Structure formats: structure tokens, C-alpha cells
Amino acid sequence: KEIQAKIDTGADSSSIDENLAKQLGFTDALSYYHSFGIDKVMSETEIKTVKQSQVKLKLESHPDIVKVVTVRSAHGATYRIKIPLFFDLAGVFIKTQVTVADRQNLKYPMIIGRQDLKGFLVNPAKP
């Protein structure tokens, strides 16, 4: 599937929109993730409680979920699943793990973070 993605050197890892993940065949993994009810912004106390509940281990037992990470932002913290992904960027085939997030209100369904930009020269100069 060909899409436009945003190069985001401020992001550590790459992320894709939930709808795109579903189109790529990860519907079951997303349904499993949502069944735990942790698909929301949480306080540090809530994050700590979820960590103690072993949810991460349960989520990582799903065959399509390679990892669960905590993502912190100005709004709070979220638990996100990581799924395996292969993509082509400027003719370079990249094998990676991306977080899945609700990006439907954002301009791009995918951001490509620093981990997947190794070997590329990013020139921030305006055209």
C-alpha cells in the first residue's frame, strides 16, 4: 500500500494509524489490545497500576504484537502496541517495529522516526 508519511526526527520510533494497521491485516491484534481498555491517555498512577497488572505480558503473547511501550507526551502517557512492518523509503527496504496510534485527525497516517532514518541525510532547509 502506497502512502505519504511524515519524516519526524523528533520522534524516536515510527508510528502508523490504527486504520492503516487494520488495512495491513492487524485487525485481530488491535481488537485484542482494545479489549484490555488501556487505549487512552493515562496518569502516571494509572500507568503504574497497569504495569503491575501484567497486561504487557498478556499483550505481548499475541502473535502480531512484538512489544508494548509506554509513550509519554504533554497530554499524559499511553500504552501502545508495536507491530512488525516492512516499508520502502526512497528505494531502501526497511524492516522495523512501529507503534500503532489513532492518527485519523492528523495529516499523515504514518510518521517515520529516527530509528528508521539511519543512513539517510535529512536536510531541514526550506526549498
Side-chain angles (χ1 to χ4, degrees):
K1 181 164 182 74
E2 188 170 319
I3 62 161
Q4 285 191 337
K6 177 181 179 181
I7 302 298
D8 188 349
T9 58
D12 187 44
S13 64
S14 299
S15 182
I16 65 170
D17 179 60
E18 283 190 22
N19 290 324
L20 178 56
K22 287 177 184 176
Q23 291 173 28
L24 296 174
F26 293 97
T27 301
D28 188 60
L30 284 163
S31 294
Y32 187 62
Y33 163 69
H34 289 297
S35 74
F36 286 88
I38 59 168
D39 50 350
K40 60 183 179 182
V41 176
M42 294 183 266
S43 68
E44 287 299 321
T45 303
E46 290 172 308
I47 287 288
K48 190 175 184 178
T49 301
V50 171
K51 279 185 181 179
Q52 293 171 347
S53 71
Q54 302 292 316
V55 167
K56 181 178 176 180
L57 292 175
K58 292 174 188 171
L59 282 167
E60 289 175 349
S61 71
H62 190 283
D64 290 333
I65 298 174
V66 293
K67 194 173 184 179
V68 178
V69 296
T70 306
V71 177
R72 288 177 171 75
S73 71
H75 306 293
T78 56
Y79 260 111
R80 294 189 191 168
I81 59 171
K82 280 195 163 199
I83 58 173
L85 189 70
F86 297 93
F87 68 92
D88 178 323
L89 177 62
V92 177
F93 196 62
I94 298 169
K95 178 182 177 183
T96 191
Q97 298 173 357
V98 296
T99 60
V100 181
D102 180 0
R103 299 185 54 79
Q104 68 181 353
N105 294 325
L106 300 174
K107 185 174 180 180
Y108 298 98
M110 179 177 186
I111 58 169
I112 301 174
R114 288 187 310 273
Q115 290 178 355
D116 295 327
L117 293 171
K118 291 183 174 107
F120 288 94
L121 173 63
V122 179
N123 183 353
K126 294 184 180 185

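Along the sequence shown, residues are numbered consecutively beginning with 1. Keep in mind that what you see is a predicted model, and the values were worked out from it rather than measured.
Rounding to the nearest 0.5 Å gives a distance of 10.5 Å between NZ of Lys118 and CD1 of Ile94. Atom CZ of Phe26 and atom CG of Leu85 lie 6.5 Å apart (nearest 0.5 Å). For the atom pair NZ of Lys40 and OG1 of Thr78, the computed distance is 12.0 Å after rounding to the nearest 0.5 Å. Once rounded to the nearest 0.5 Å, the distance linking CG of Asp17 with CD1 of Ile111 reads 11.5 Å. Between atom NZ of residue Lys51 and atom CG of residue Leu57 there is a gap of 12.5 Å, rounded to the nearest 0.5 Å. Distance check, rounded to the nearest 0.5 Å: OG of Ser15 to NZ of Lys6 gives 11.5 Å.
For the pair Ile112/Phe87, a side-chain contact is recorded, criterion being any heavy-atom separation below 4.5 Å from C-beta on. In this structure the side chain of Ile16 never reaches within 4.5 angstrom of the side chain of Ile3, judged on heavy atoms. Counting only heavy atoms from C-beta outward, the side chains of Ile81 and Leu30 approach each other to under 4.5 Å. The shortest side-chain heavy-atom distance between Arg72 and Glu44 falls under the 4.5 Å cut-off. Looking only at side-chain heavy atoms (C-beta outward), Gln104 and Asn19 come within less than 4.5 Å of each other. A heavy-atom distance below 4.5 Å is found between the side chains of Tyr79 and Thr70. Contact of the Ile7 side chain with the Phe120 side chain is not registered, since no non-hydrogen atoms from C-beta on lie closer than 4.5 Å. In this structure the side chain of Ser13 reaches within 4.5 angstrom of the side chain of Thr99, judged on heavy atoms.
Side-chain N or O atoms of Arg80 include none that pairs as donor or acceptor with a backbone N or O of Val100 at under 3.5 Å. Counting only distance, with no hydrogens or angles, the side chain of Gln52 and the backbone of Thr49 share no donor-acceptor pair below 3.5 Å.
Residues Phe86 and Lys95 come closest through the heavy atom pair CE2-CG, 3.2 Å.
Both Leu89 and Met110 sit in one connected hydrophobic cluster of ILVMFWY residues. Membership requires side-chain heavy atoms under 4.5 Å apart, directly or through other members. Criterion: ILVMFWY side-chain heavy atoms under 4.5 Å apart, direct or through other members. Under it, Ile47 and Val41 are not part of a common hydrophobic cluster. In the hydrophobic cluster analysis, where Ile, Leu, Val, Met, Phe, Trp and Tyr join through side-chain heavy atoms closer than 4.5 angstrom, Leu20 is grouped apart from Tyr108. Under the 4.5 Å side-chain heavy-atom criterion for Ile, Leu, Val, Met, Phe, Trp and Tyr, Tyr33 and Leu24 are members of the same hydrophobic cluster. Connection of Phe36 to Val50 is established within a shared hydrophobic cluster, with ILVMFWY side chains joined at heavy-atom distances below 4.5 Å, either directly or through further cluster members.
There is a side-chain donor-acceptor pair under 3.5 Å between Lys1 and Gln23.
Looking at His62, Glu60, Lys82 one by one, the single match for side chain to side chain contact (heavy atoms under 4.5 Å, CB included) with Val68 turns out to be Glu60.
Asp8 pairs by the side chain to side chain donor-acceptor pair (under 3.5 Å) definition with nothing, not counting sequence neighbours.
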